[in-house]
Amino acid sequence: MKGDKEHTDKIALWLSEHLSERHLTILLAFAIGVLASVATIVLHFLIRQIQQLLTDGFYEKSYNWLYLVFPIVGIYITSLFVRYVVKDNISHGITRVLYAISTKRSRLKRHNCWTSVVASAITIGFGGSVGAEAPIVLTGSAIGSNLGQRLNLDNKTLMLLVGCGAAAAIAGIFKAPIAGLVFTLEVLMVDLTMASLMPILISSVTATCFTYLFLGEKSLFNFTLSDAWRIDTIPADILLGVSCAVISLYFIRMMNFTEGIYSRMKDKPYAKLALGGITLSLLIFLFPSLYGEGYNSINILLNGKNISDWQSIMNNSMFYGSEKMLIVYIALVLLTKVFATSATNGGGGVGGTFAPSLFIGAYGGFLFARLWNTAGFGVSVSESNFTMLGMAGVIAGVMHAPLTGIFLIAEITGGYDLFMPLIIVSIVSVMATGIFEHHSIYATRLARQGRLVTHHTDSAVLTLMNLNSVIEKQYNAVGEDMPLGKLVKTISRSDSGFIPVTDTGGTLLGEVDITKIRHIMFRTELYQRFTVSQVMTPPPAVLTENDPMQDVMRAFEETNAIYLPVTDMEKHLIGYISRVRLFDTYRKMVADMSSE
């Protein structure tokens, strides 16, 4: 390890001497794009090989009992891999990237460069009803973070490289460079500046080109526009946007609810495995479309022309051959997808909610179109077009990312001729969803903890500030029974205007404000008459070590205090925060973040 560090330090020194910071960042962005595309290719190769090995030869006209076995086995193998090999939490990949940006200055662990690929390949290959996008985003971001850490780059550059990795991952997995860029800006909330635009674009384009080179030009979804957009379908587009918002809210809230059930069982891994595995297996047995990412069934909805084409999504199920049950089947799959996804992750699997959002969006768009046409509102709509529009609407609503929904669907389907309805549906979905949910599905957990970085510079700086870095832990505490004479001697040795008062266990009882006892400090005849308990006062406010920085700033503004004490959850004194030091640190970080 020591030899590796010395070698890395030499490389970092050579690069710093021969390349400017901008050129070094561009070089690293290119390298991140290459490595992220390789990780994407490996992940999809593993998923395809596992799925073909397990499901090749399934009889499509009947249900298959092996659907009750494969998902449980996959989750169990994944949980063993995570518990005994990884020994770390690698679930919710995009949320973990946001967490790293918010609380750890964009530092991701080395194992994140590969462990999510292995774990998610096993989970999805065996039928886990989740997506590969979040794990590959974590992988790409970890590649960027670790390259930056190895070269001893500053936190601001690390954050940019993490964004490059995420953009490259999305661009590589979908062959969609613009979607990779806007995903990084909207979801990871990396600020767009002239300094950040070029590296992120380079990573996205590089990953896309290498994916094309290795996998060919075929898009992830096959779509041929057969019905051009008409202005008389605008009312249907708007109503579809509202429907996508309803689906997005259902997905976000039901996902949070079900994940909460599994999180309360965190100390019972086998109970989680049993609940998650059995739930997932039963759902896949009833609705085989829930097996894996579900992209095959999306392609069927996109390219089908009539009932006989669309009903093939019911293959391997007990609904096979029943044309009248198509709408019922699609509605049930849409409603149960969230339970299959949460059961996969809750039971011990590894995967994301990106693909499930696309999945329920496609099913929701198709269902809306079929019901609209069946109701006979006069203006018929294309089921294929609305399947695609539904994907954009739900992605936009779930992620609070309209540009990601628009450009991702346009790029992966080649549906650029439908830009107008894509914009309408995505914007309506985001606006309607935002009324009830202020954050995306990825950011909700961090927002509740006050650890979410946003595009608002002040809020972002407060989130990134570390409370421990501004706590002054050198202090001279006194007991409440100490005579005034000894207190004066303590004051003479202190550099602070406040003396904390604690009990023998270190619990904060109050403080002595020197400015308030000047009238008795120099009257020696009072030194034995008064004790600390008689001259101490309660502090204007007491902070705790887990308080968000927004609350810390607010406490100083409301009290106009110079110093405020910080305690742990048991009220034991940790130290003091100086108003001057706090605001100096804040101003410096604002200046650093605002500069390019």
Side-chain angles (χ1 to χ4, degrees), residues 68-100 102-104 107-112 114-131 134-135 138 142 251-284 336-353 356 439 441-452 544-548 568-572:
L68 293 171
V69 178
F70 289 157
I72 297 178
V73 173
I75 291 177
Y76 184 59
I77 294 174
T78 304
S79 63
L80 292 178
F81 173 75
V82 172
R83 189 182 311 164
Y84 296 109
V85 178
V86 182
K87 299 178 181 178
D88 190 18
N89 186 359
I90 57 174
S91 62
H92 300 299
I94 295 175
T95 301
R96 300 200 72 76
V97 174
L98 281 169
Y99 182 83
S102 299
T103 63
K104 297 184 179 179
R107 282 167 168 76
L108 292 162
K109 297 177 182 179
R110 289 187 184 181
H111 72 74
N112 289 132
W114 63 275
T115 51
S116 293
V117 171
V118 176
S120 60
I122 298 171
T123 300
I124 299 170
F126 275 83
S129 195
V130 287
L138 177 58
F251 186 77
I252 293 172
R253 295 194 172 179
M254 191 58 69
M255 182 67 69
N256 289 334
F257 173 76
T258 52
E259 285 183 348
I261 295 175
Y262 289 103
S263 66
R264 289 192 288 272
M265 302 168 64
K266 60 182 179 180
D267 297 327
K268 301 174 181 178
Y270 288 103
K272 286 173 58 178
L273 172 64
L275 178 60
I278 293 173
T279 301
L280 177 62
S281 296
L282 287 174
L283 289 175
I284 291 177
T336 55
K337 178 66 173 180
V338 63
F339 298 102
T341 299
S342 59
T344 303
N345 285 328
V350 173
T353 56
H439 298 287
I441 192 171
Y442 303 123
T444 298
R445 301 178 189 89
L446 299 181
R448 289 172 180 169
Q449 301 171 18
R451 294 176 175 176
L452 179 64
T544 62
E545 57 184 339
N546 295 324
D547 283 348
D568 60 19
M569 301 308 294
E570 284 73 39
K571 305 301 182 182
H572 298 145

Identify which one of V118, V117, N112 satisfies the side chain to side chain contact (heavy atoms under 4.5 Å, CB included) criterion when paired with T115. N112

Set of residues satisfying side chain to side chain contact (heavy atoms under 4.5 Å, CB included) with respect to V338, sequence neighbours excluded: Y250, F251, M254, M255

Listing, residues 344-353 side-chain donor-acceptor contacts under 3.5 Å, not counting sequence neighbours, or none:
unit_1, atom_1, unit_2, atom_2, d
T344, OG1, S129, N, 3.1
T344, OG1, A340, O, 2.7
N345, OD1, G351, N, 3.1
N345, ND2, G351, O, 3.3

Derivation of the side chain to side chain contact (heavy atoms under 4.5 Å, CB included) call for H111 and V85: CA-CA 10 Å; H111 72 74; V85 178; over 6 Å; no

Can you list the residues that meet the side-chain hydrogen bond (donor to acceptor under 3.5 Å, both in side chains) rule with T78, with sequence neighbours excluded? T123

Within this structure, what is the CD1-CD1 distance for the pair I94 and I441, rounded to the nearest 0.5 Å? 10.0 Å

Who are the side chain to side chain contact (heavy atoms under 4.5 Å, CB included) partners of L68, not counting sequence neighbours? W65, S281, L282, F285

Residues passing the side chain to side chain contact (heavy atoms under 4.5 Å, CB included) test with D547, sequence neighbours excluded, are L543, T544, V552

By side-chain hydrogen bond (donor to acceptor under 3.5 Å, both in side chains), S79 pairs with (sequence neighbours left out) none

Which residues satisfy the side-chain hydrogen bond (donor to acceptor under 3.5 Å, both in side chains) test with T258, sequence neighbours excluded? S342

Contacts of type side chain to side chain contact (heavy atoms under 4.5 Å, CB included), residue V73, not counting sequence neighbours: V69, I77, F126

Please set out all donor-acceptor pairs under 3.5 angstrom arising from side-chain atoms of residues 262-278, sequence neighbours excluded.
unit_1, atom_1, unit_2, atom_2, d
S263, OG, E259, O, 3.4
S263, OG, G260, O, 2.8

Only counting residues at least two apart or in another chain, list the ones meeting side-chain hydrogen bond (donor to acceptor under 3.5 Å, both in side chains) with R253. E437

Residue pairs passing the salt bridge (charged side-chain N to carboxylate O under 4.0 Å, His left out) test with at least one member in residues 76-91, sequence neighbours excluded, are D88-K109

Looking only at heavy atoms, what is the nearest atom pair of L280 and G128, with distance? CD2-CA, 4.0 Å

If you measure from CD1 on I75 to CG on L80, what distance do you get to the nearest 0.5 Å? 12.0 Å

